[in-house]
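Please read the structure below before turning to the comments.
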Amino acid sequence: MSPCEKHGKASERLVAFEGIDTGRRFLACAEPEGQNCGFVEWVDHQWPPTMQNALLKLWAMVEDSKSARVNDNLESSFTIHHLTEEKNKLEANYDKLVQDVHELMSFQEDRVVDLRYLQDNLTYQQQCRSELLADMKAQMAKKDAEFEKLKQNYEVLLNLTRAQATVIQNLKLKHIKDK
């Protein structure tokens with residue numbers, strides 16, 4: 001084992017985990033970062049060009065996968081944001097509708113008319129309100145179902161990402177064990 005040229009101490013044995021040198025063993029200065037002199041001596045020979053190309057392709061695939069996950073997460077976030085805004089608008093419309101119904105009912109109570117007219121009007125208002133409420137509840141249920149579907153898709157993507165990470169770790173460990 002070669003000692004560090006500047007510090008004269010035994011160097012640390014490490015394995016490269018990035019780029020075309022992935023899996024290659026090397027010796028490096030054992031001093032902590034900031035005091036490290038930058039000494040590096042490769043233990044393994046440089047990989048053949050085919051292996052280097054394969055490593056480059058694998059790292060490109062990892063970066064593409066990360067980028068795709070980030071894009072999917074952004075897209076899901078935007079969709080959830082838009083759905084939340086739409087839900088808030090529907091709730092505001094519902095509150096306005098309730099307020100309008102209360103005002104209409106107050107106005108009707110102030111009027112002096114016969115009981116039959118008031119009963120007919122009230123029945124009609126309740127029907128309208130029930131229809132509007134049913135319609136709004138249906139719309140909210142639809143939005144909630146879409147939100148749940150997006151949430152499930154996000155969980156599937158998250159599980160796939162975790163599985164990919166586990167596979168990569170296992171491949172690295174196997175590769176290290178094989179050496």
Side-chain angles (χ1 to χ4, degrees), residues 14-24 26 28 32-34 36 47 50-110 119-179:
L14 301 169
V15 178
F17 283 105
E18 290 184 3
I20 60 174
D21 294 318
T22 300
R24 284 182 65 196
F26 64 96
E33 198 170 318
N36 189 311
W47 297 126
T50 53
M51 178 69 163
Q52 290 178 0
N53 287 337
L55 287 169
L56 282 175
K57 287 180 183 177
L58 285 171
W59 282 110
M61 289 170 62
V62 167
E63 290 302 317
D64 289 346
S65 174
K66 284 180 184 176
S67 176
R69 281 193 310 272
V70 167
N71 289 339
D72 288 344
N73 288 344
L74 282 174
E75 191 175 309
S76 294
S77 294
F78 284 132
T79 303
I80 289 169
H81 176 72
H82 291 303
L83 287 173
T84 303
E85 283 181 344
E86 192 170 333
K87 181 181 175 187
N88 291 340
K89 286 178 186 176
L90 287 173
E91 287 174 348
N93 287 341
Y94 174 77
D95 292 340
K96 176 75 169 110
L97 178 64
V98 168
Q99 182 182 359
D100 289 347
V101 168
H102 285 303
E103 288 174 6
L104 183 60
M105 291 176 76
S106 295
F107 177 74
Q108 289 296 335
E109 289 173 359
D110 292 344
Q119 287 175 340
D120 290 344
N121 229 358
L122 217 94
T123 304
Y124 175 73
Q125 288 176 6
Q126 287 174 347
Q127 278 181 326
C128 289
R129 193 166 108 199
S130 296
E131 289 171 5
L132 287 172
L133 284 174
D135 186 44
M136 291 179 89
K137 284 180 182 178
Q139 289 178 359
M140 291 297 288
K142 183 179 175 183
K143 294 298 177 185
D144 287 344
E146 289 174 2
F147 176 77
E148 285 300 318
K149 186 176 180 181
L150 285 172
K151 189 174 173 183
Q152 288 173 356
N153 287 343
Y154 174 76
E155 289 176 10
V156 167
L157 288 173
L158 187 63
N159 288 337
L160 282 173
T161 303
R162 287 181 181 150
Q164 287 175 344
T166 302
V167 168
I168 290 171
Q169 282 181 333
N170 289 341
L171 285 173
K172 285 181 181 178
L173 288 174
K174 183 179 182 226
H175 186 68
I176 290 171
K177 287 179 182 177
D178 289 345
K179 289 188 176 198

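Hydrogens, waters and symmetry mates are skipped; everything else that's a heavy atom, side chains included, is used.
Glu155 pairs by the salt bridge (Lys or Arg N to Asp or Glu O under 4.0 Å) definition with nothing, not counting sequence neighbours. His82 pairs by the side chain to side chain donor-acceptor pair (under 3.5 Å) definition with nothing, not counting sequence neighbours. Taking Ala28 as the reference, Leu14, Phe26 meet the side chain to side chain contact (heavy atoms under 4.5 Å, CB included) condition, with sequence neighbours excluded. Ile20 meets the side chain to side chain contact (heavy atoms under 4.5 Å, CB included) test with Gln52, Leu56; sequence neighbours excluded. The side chain to side chain donor-acceptor pair (under 3.5 Å) search around Trp47 returns none, not counting sequence neighbours. Residues satisfying the side chain to side chain donor-acceptor pair (under 3.5 Å) criterion with Asp100, sequence neighbours excluded, are Lys96.
Between the CD1 atom in Ile168 and the CG atom in Leu58 there is a gap of 8.5 Å [rounded to 0.5 Å]. The distance from atom CG of Asn121 to atom CE of Met105, rounded to the nearest 0.5 Å, is 10.5 Å. Atom CE of Met136 sits about 6.5 Å away from atom CG of Leu97, to the nearest 0.5 Å. Expressed to the nearest 0.5 Å, how far CG of Asp178 lies from CG of Leu173 amounts to 10.5 Å. Considering NE2 of His81 and CG of Leu74, their distance stands at 13.0 Å, rounded to 0.5 Å. In this structure, Asp72 CG and Asn153 CG are separated by 9.5 Å, a value rounded to the nearest 0.5 Å.
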List, one per line, each side-chain donor-acceptor pair under 3.5 Å for residues 137-152, sequence neighbours excluded.
{"from": "Lys143", "atom 1": "NZ", "to": "Glu86", "atom 2": "OE1", "distance (Å)": "3.4"}
{"from": "Lys143", "atom 1": "NZ", "to": "Glu86", "atom 2": "OE2", "distance (Å)": "2.9"}

Only distances under 3.5 Å count here; give the side-chain donor-acceptor pairs of residues 122-132 to other protein atoms, sequence neighbours excluded, each with its distance to 0.1 Å.
{"from": "Thr123", "atom 1": "OG1", "to": "Gln119", "atom 2": "O", "distance (Å)": "2.8"}
{"from": "Ser130", "atom 1": "OG", "to": "Gln126", "atom 2": "O", "distance (Å)": "2.8"}

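Counting only residues at least two apart or in different chains, salt bridge (Lys or Arg N to Asp or Glu O under 4.0 Å) contacts with residues 54-66 comprise Glu63-Lys66. Residue pairs satisfying the side chain to side chain donor-acceptor pair (under 3.5 Å) criterion with at least one member in residues 157-169, sequence neighbours excluded, are listed as follows: Ser65-Gln164, Arg69-Thr161, Arg69-Gln164.
Trp59 approaches Phe17 most closely through the heavy-atom pair CZ2-O, 2.8 Å.
Crowding of Met51 atom CE: a count of heavy atoms from other residues, nucleotides or ligands under 6.0 Å exceeding 12.
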